[in-house]
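Structure record follows, encoded as structure tokens.
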Amino acid sequence: MSVQQAFPGAPALPGTEALQRSAPGQLGRELDRMLASLNGPQRQAVVHEGGPLLIVAGAGSGKTRVLAHRIAYLLGARGTQPGEILAITFTNKAAGEMKERVATLVGPRARAMWVSTFHSMCVRILRAEAGKLGMKSSFTIYDQGDSVRLMTMVARDLDLDAKRYPGRSLAAQVSNLKNELIDEEAYVPGTAPEKVLAEAYKLYQQRLRQAHAMDFDDLIMTTVHLLQAFPDVAEHYRRRFRHVLVDEYQDTNHAQYVLVRELVGTGTGPVPPAELCVVGDADQSIYAFRGATIRNIDEFERDYPQATTILLEQNYRSTQRILRAANQVISKNTGRRPKNLWTDAGDGELIEGYVAENEHDEAAWVAEQIDALVDEGTVKPKDIAVFYRTNNASRVFEEVFIRVGMPYKVVGGVRFYERKEVRDALAYLKVVANPADVVSLRRVINTPKRGIGERAEACIENFADRERIAFANALRRCSEVGELATRSLKAIQEFVALLEEFEQLVETGSGPAALLESILDRTGYLAELQASTDPQDEGRVDNLNELISVAAEFEAASPGGTVTDFLEQVSLVADADQIPVAGDDAGVVTMMTLHTAKGLEFPVVFLTGLEDGVFPHLRALGDPRELEEERRLAYVGITRAQQRLFISRATVRTSWGQPAYNPPSRFLDELPGDTVQWAGKEPAPAPSTGYRSAQQRVAATGLSTGGLRGGAGNRAVIAVDVGDRVSHDAFGLGTVVEVSGAGDKAQATVDFGSGGTKRLVLRYAPLVKL
DNA sequence: GTCTACGAAGGCTAG
DNA sequence: CTTCGTAGAC
């Protein structure tokens with residue numbers, strides 16, 4: 001780490017004449033006050049000039065503040081123009097907040113900065129440079145669902161065995177290749193399955209091009225290739241962005257890493273390299289599954305030999321006790337740069353733990369604790385967050401919260417934009433904005449049912465192939481197909497007329513909201529839902545109304561915004577973008593996955609499902625590297641808590657419709673013993689008798705538990721048959737060779753291969769059926 | 001030819 | 001427990 005220039009006191013203000021004229025002296029005082037509010041390393045990070053800067057920011061060490069202040073300092077004290085700044089954040093929400101913070105410091109000219117996510121930034125560049133790539137600037141963005149659907153179509157066209165090569169898996173592999181910047185030309189397959197993948201990759205890319213579409217990973221990869229293939233384009237952006245700031249650098253993948261490098265430049269051309277500032281914490285890297293690699297942060301100094309590293313270890317968020325727990329857990333990971341978070345905030349209260357009988361009991365306990373905390377009057381629901389490892393865990397909490405009348409919001413999960421009706425409606429918009437978009441076109445061609453079935457679709461496709469025209473054009477020329485039934489032909493003609501009507505609407509200046517309303521009305525989509533007796537469809541109507549509101553809001557916020565612009569905004573939203581904004585009211589309890597929780601903080605945090613097989617996730621148990629990632633996830637979870645941390649696990653949990661006896665999470669053993677106070681009893685594997693579960697207590701105190709399933713009296717035992725493959729936490733994989741007894745006394749003899757043959761009581765054995 | 005109902009299969013985290 | 005694919009009914 002290089003020695004930093006001491007805080008320069010009252011900084012001179014070179015090159016900000018305009019500002020100084022409008023606010024003489026005031027900006028200087030503002031900057032002084034701003035710098036004085038930072039600690040030493042933070043201040044160094046803010047005022048650092050020149051070479052690449054790595055800020056290793058521990059959890060809660062004020063990195064967002066440092067970034068915002070650094071930008072303000074660049075603008076206020078170093079004469080940087082807002083247009084020269086590119087800041088890349090993790091979510092759109094973070095980008096918005098960053099912009100706002102800077103705006104309060106330097107005024108409305110902050111608007112000229114680029115503050116966005118990687119994906120938004122790439123879309124912006126790609127739309128501007130689409131011509132260079134032979135694309136229309138109104139290209140459609142395919143999300144994961146679209147990619148999988150397209151890949152499934154590709155696999156079918158290649159006559160691939162759907163069992164061996166599911167679209168989902170092929171799409172995932174292609175995604176991984178793109179994250180490594182390996183395009184379909186560069187990919188060199190070795191094995192037979194890889195050759196199949198290569199074929200699928202090629203055809204998939206061809207179909208994307210025909211549809212004028214890009215998938216999520218294309219956005220990054222194509223931007224990199226654009227910058228590499230067109231030096232003039234690269235130079236243009238390098239001239240423009242003299243400062244590149246990247247947040248959450250530990251979550252960048254290879255493609256994003258190269259993208260940053262290309263934007264910054266090496267200075268070998270006519271433009272000197274931009275000033276690069278990255279912020280991150282290797283201990284909070286939790287996105288390996290989408291290609292993120294800690295390497296990027298660990299090797300920053302090797303990638304940029306001139307780099308300066310600044311370590312932020314003082315934590316302004318949590319109590320010392322919470323930090324001690326977090327430090328202890330993360331210290332079990334190997335090969336990490338040692339880091340020790342500290343605070344002068346004092347010890348704080350003990351972490352409270354609870355061993356629940358089952359997941360319902362766990363949820364009831366959480367609800368009970370929240371109720372008590374809110375009753376005390378010290379915290380409001382909005383101060384409280386409940387975290388879980390996987391989205392499906394939210395359901396049980398929702399059930400209990402609804403029952404006890406606790407206001408809450410689930411962030412993420414079955415995301416709004418992934419709901420069927422919302423996707424259908426958006427698919428119509430996509431088709432209108434981009435008729436070449438086959439995936440969307442085929443999604444809506446018979447939605448709602450209008451008598452264009454599989455057969456008719458195949459006829460059109462054949463015709464399109466024969467005539468070498470696009471599917472959309474074949475539809476329009478359906479009368480020439482010949483082999484179509486009159487009935488189908490009529491249906492198709494009506495559908496085409498409908499599409500033309502919508503296109504007409506856009507040409508006459510309708511915005512996305514009006515178009516959406518017209519689509520839902522004229523296609524009969526809304527009418528069908530309203531006429532339905534299915535109670536689920538009521539919610540669907542609500543969701544569609546919500547979507548229209550979103551479109552109306554979009555129009556209000558960006559006048560003149562096109563349908564394409566609206567679709568872009570909608571496809572790039574993140575889970576974390578929908579976290580409720582803190583107001584003056586009591587707000588609601590927030591529930592989310594640990595992944596979504598990254599970057600957030602709450603006075604009170606509940607960390608649930610601390611069981612081996614849940615958290616750490618089952619898929620990570622056998623893999624030390626994945627286990628370390630789970631541990632980082634635990635570290636992220638613990639460090640979200642400001643004042644109070646509650647942790648819980650369930651002795652038995654229903655998963656996949658089967659009860660599973662999960663052992664305590666190994667992370668529990670890694671917590672310092674004196675930081676946790678276990679409620680009710682010691683953390684023992686078997687539930688003892690004679691204590692009342694939270695579920696029973698909730699029932700007794702009038703917080704009715706109604707018909708909670710899987711209660712204490714209704715203990716289910718894992719059902720296995722001879723020949724079943726099972727997994728045991730300690731013994732590994734095995735095969736059931738004998739079953740005896742019934743109910744609680746049921747036993748199974750399991751052959752664990754090299755692990756020997758064991759006789760297990762199913763009631764207690766941590767056995768999972770495969 | 002198209003729609004609906006049933007059985008099988010796969011299940012995490014996300015822009 | 002959900003989503004997908006395939007078989008039978010309209």
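The structure displayed is predicted, hence computed values, not measured ones. Just the heavy atoms: all of them, side chains too, but no hydrogens, waters or symmetry mates, feed the values below. Naming convention: chains lettered A, B, ... in sequence-line order (proteins, then strands); numbering from 1 in each chain.
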Requested in this report: Give me the ring orientation class for A:F602 and A:F387: parallel if the planes are under 30° apart, tilted from 30 to 60°, perpendicular past 60°.
Outcome: perpendicular
Report task. For the residue pair A:F397 and A:F401, categorise the inter-ring angle as parallel (less than 30°), tilted (30 to 60°) or perpendicular (more than 60°). Result -> perpendicular
Counting any heavy atom closer than 4.0 Å, what does [X] reach on the DNA or RNA strands: base, sugar-phosphate only, or nothing?
X	result
A:T596	sugar-phosphate
A:S488	sugar-phosphate
A:D217	base

To the nearest Å, how far apart are [X] [atom1] and [N] [atom2]?
X	N	atom1	atom2	value
A:N92	B:dG15	CG	P	9 Å
A:F90	B:dT13	CZ	C1'	11 Å
A:E399	C:dC1	CD	P	11 Å
A:I88	B:dG15	CD1	P	16 Å
A:D577	B:dG15	CG	P	7 Å
A:E418	B:dG15	CD	P	9 Å
A:L219	B:dA14	CG	P	19 Å
A:F216	B:dA14	CZ	C1'	9 Å

Query raised in the report: Do A:K332 and A:F667 come within less than 4.5 Å of each other through their side chains, counting heavy atoms only?
Result: no
Requested in this report: With sequence neighbours left out, write down each residue that passes ring-ring contact (aromatic ring centres under 6.0 Å, His included) with A:F554, or none if nothing qualifies.
Outcome: A:F566
Query - Under 3.5 Å side-chain donor-acceptor pair for A:E568 and A:T564 - result: no
Query - A:D215 and A:Y204: side chain donor to acceptor below 3.5 Å - result: yes
Report summary line: Tightest non-hydrogen contact, residues A:D281 and A:Q250, listed as N-OE1, 3.0 Å
Report summary line: Note: A:L594 and A:G637 closest approach over all heavy atoms is CD2-CA, 3.5 Å
Collect all protein-nucleotide pairs involving nucleotides 4-12 of chain B in which both atoms are nitrogen or oxygen and the distance is under 3.5 Å.
residue: B:dC12; atom: O4'; partner: A:H617; partner atom: NE2; Å: 3.2
residue: B:dC12; atom: O2; partner: A:R389; partner atom: NH1; Å: 3.1
residue: B:dC12; atom: O2; partner: A:R389; partner atom: NH2; Å: 2.7

With a cut-off of 3.5 Å and sequence neighbours excluded, list every side-chain donor-acceptor pair involving residues 613-624 of chain A.
residue: A:H617; atom: ND1; partner: A:R619; partner atom: N; Å: 3.1
residue: A:D623; atom: OD1; partner: A:R625; partner atom: N; Å: 2.9
residue: A:D623; atom: OD1; partner: A:E626; partner atom: N; Å: 3.4

Query raised in the report: Do any N or O atoms from the side chain of A:N446 and from the backbone of A:I452 form a donor-acceptor pair under 3.5 angstrom?
Result: yes
All N/O pairs under 3.5 Å across the protein-nucleotides 3-7 of chain C interface:
none

**Report entry** Pairing pattern in dot-bracket form [Watson-Crick, G-U; both distances under 3.5 Å; | = partner strand] for DNA chain C
**Finding:** ||||||||||
Query raised in the report: Does A:K99 have any salt bridge (charged side-chain N to carboxylate O under 4.0 Å, His left out) partners at least two apart in sequence or in another chain, and if so, which?
Result: none
